[in-house]
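The structure appears right after this line, and notes come after that.
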Amino acid sequence: MRDVELSKAIESYFDAIYYCDVNLLDKVFHKSSSLFDVDEGQLLVDPIASFRQDVATRPSPASVAQERQEEIILIDWLSKDCAMVKLRLRAHQNIFVDHLSFVKDSDGWCIVSKVWHLESTIDET
């Protein structure tokens, strides 16, 4: 199944991270969404407001002319209005794998949760 609107929402997510654009984050994430990770056995939960603040204060990959490295690994359709998107992207020296839970309502597709993992780091020295 291919959904042009979902593809645009995924691209908005990639753009939000690459440009550190909080306005795009606001558009693609539901206002009540949260982000999850496990670090050294500890569950970390960040509400979207915390993630938004972090993104707003970091230098963007675009600002250092970093080549974009992004890929959609999988789209798993739960229904015509719910999908889990697994993707990989680079932000500075970090390679992340994200699982994004998307839902579609009357306003379009939005992310309701993000589970992420730092897959690797790149040593450019």
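The distance from atom OG of S12 to atom CG of D26, rounded to the nearest 0.5 Å, is 12.0 Å. If you take CG on D15 and CG on N23, they are separated by 13.0 Å, rounding to the nearest 0.5 Å. How far CD of E70 is from CZ of F14: 5.0 Å, rounded to the nearest 0.5 Å. Separating the CG atom in L6 from the SG atom in C110 is a distance of 11.0 Å, to the nearest 0.5 Å. Between the CG atom of D105 and the CG atom of D81 there is a distance of 9.0 Å, given to the nearest 0.5 Å. Once rounded to the nearest 0.5 Å, the distance linking CD1 of I75 with OG of S7 reads 5.5 Å.
When side chains are defined from C-beta on, L87 counts as touching L100, because their heavy atoms get closer than 4.5 Å.
Hydrophobic clustering places F102 together with F96 (ILVMFWY residues linked when any side-chain heavy atoms are closer than 4.5 Å, directly or through intermediates). Criterion: ILVMFWY side-chain heavy atoms under 4.5 Å apart, direct or through other members. Under it, L78 and L74 are part of a common hydrophobic cluster. Residues M84 and I72 fall into different hydrophobic clusters, defined by Ile, Leu, Val, Met, Phe, Trp and Tyr side chains chained together at heavy-atom separations under 4.5 Å. Put simply, I10 and I111 are part of the same group of oily side chains (I, L, V, M, F, W, Y) that touch within less than 4.5 Å, one to the next.
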inquiry  = Evaluate L89 against D98 for side-chain contact (heavy atoms from CB on, under 4.5 Å), listing each step before the verdict.
reply    = CA-CA 8 Å; L89 61 87; D98 296 342; 4.1 Å; yes
message = Could you go through W109 and D3, starting from their C-alpha distance and side-chain angles, then the distance that decides it, and tell me whether this counts as side-chain hydrogen bond (donor to acceptor under 3.5 Å, both in side chains)?
response = CA-CA 10 Å; W109 288 99; D3 186 293; 3.2 Å; yes
message = Evaluate D76 against K86 for side-chain contact (heavy atoms from CB on, under 4.5 Å), listing each step before the verdict.
response = CA-CA 8 Å; D76 186 11; K86 180 179 181 181; over 6 Å; no
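When all heavy atoms of A83 and W77 are compared, the pair lying nearest together is CB-CE3, 3.9 Å.
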Pair up each side-chain donor or acceptor in residues 27-51 with any protein partner under 3.5 Å, not counting sequence neighbours, and list the distances.
unit_1	atom_1	unit_2	atom_2	d
H30	ND1	S32	N	2.9
S33	OG	H30	O	2.8

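For the side-chain contact (heavy atoms from CB on, under 4.5 Å) criterion with R90, the lone passing option out of Q93, H92, R88 is Q93.
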